[in-house]
Undergrad: 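Take a look at the following structure, please.
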Amino acid sequence: MRQILITISACPTFANTFSFDFAKAAVENEKLGAGDVTDFLALSISSTDYIGHAFGPNSVEIEDTYLRLDKDIEDFLKYLDAKVGKGNYLFFLTADHAVAHIPGFLKENKLPGGTFDDGDLKKELNAMIESKFGLKNIVVSLQNYQVYLNTNEIENQGKDAVAIKDAVIKALQVKPFILTAFEPGKINAVTLPEPLKTRFTNGYNVKRSGDIQFAIKSGYFDGGSKGTTHGVWNPYDAHIPCVFFGWGVKPGKTNRETYMTDIAPTIAAMLHIQMPSGCVGKVITELVK
Ligand SMILES: [Zn+2]
C-alpha cells in the first residue's frame, strides 16, 4: 500500500504559505508516496506562534493568520488528493502549546493576571543571597519559571546549598503571582495537586532543569506590557488540537483527554509497527478503523 504520513504542528504572514510550497517540492522531488514503503512528511507551521506572541489569541492578526492557514491546508489537501489520491494518505495536525491572553486584553476584560520581569526577579534574588550568605551573582539564570544557581561557586565557597535553596524558595513563595516554589528533583516531597505534579515531573530533566521551579497563578507570565507567551500548565496554554484524517481513520470525535504523546503509538498501531523506543503514550483507539 502507498501512503504518506503528514504532520502539521501549529512564522509571519506568508511564511506558512511558503512552508506548504516547500512541502509540495519535497513530495515532488523526494517522490513521497510513490514507492512501496510508507513515507513521512513533517511540516512545522510557525507563523501562528510568532503572530500569537506579538498580538495574542484574540487579535485580528491571529484571526487573519488562521484564515490563511485554513486556505493553505485546503490547497495542500487538494494537491495531495490529486498527487497520491484521496484515502491514500494519513494527515494529522497538532500543536506544541497554546498561549496566554495579552496583558491589555486581561485588563480590558477584568480577568486576573499580569506580567513580571525575569531580569528583575533575578536581581532581587541575587541581592537577597548576597546579603544573607555573602555570595555574589549566585542566580545565573531564570528560564521557564526555573531558577538556575551557581552550585559550583556555593560549594567552592563552602556555603550551605540547602539553606540557600530554602531561602530562594521562601523569597519566591511570598510573591503575589507565585503559587508555590520547590526543588524539582524533590517533587515527591511537595504537596501539589496531582495533575500539576505529573506535569512538573514530566518536564524535569536532571541534567538540564533548574535548581528551583516555581508555579505561577493563571494569567501571569514573564513579559512586558505588550505581547504574550506560553509555558504553563493551565488549559489556555496547554490545550492543543488533535485532528486525524484520511487513511485508516474512523470519522468521529472524543472529548476524552488525549495527549500529544498518544500520537506516536496511534500511528504505530495503524501501521502495525513497533512503537518508538521512548514512547509513553497510549493508542487513541476511537480513531482507528
Ligand atoms: Zn512561542
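As the structure lists them, so they are numbered: ligands from 1, and atoms in each ligand from 1.
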Undergrad: May I ask you to check if Lys24 and Tyr79 form a cation-pi contact, with NZ or CZ under 6.0 angstrom from the six-membered ring centre and within 45° of the axis?
TA: yes
Undergrad: Within the supplied structure, the quantity of interest is the number of heavy atoms (other residues, nucleotides, ligands) at a distance under 6.0 Å from Met128 CE; does it exceed 12?
TA: yes
Undergrad: Crowded around Lys197 NZ? As in, over 12 foreign heavy atoms under 6.0 Å?
TA: yes
Undergrad: Take atom CZ of Arg208 as the centre, draw a 6.0 Å sphere, and report whether it contains more than 12 heavy atoms from other residues, nucleotides or ligands.
TA: no
Undergrad: Would you call Thr65 and Asn16 a side-chain contact if the rule is heavy atoms closer than 4.5 Å?
TA: yes
Undergrad: Look up atom NZ in Lys282 and atom OG1 in Thr261, then write down how far apart they are to the nearest 0.5 Å.
TA: 8.5 Å
Undergrad: Below 2.8 Å, which protein N, O or S atoms neighbour the Zn ion (ligand 1), ignoring water?
TA: Asp49 OD1, Asp49 OD2, His53 NE2, His230 NE2
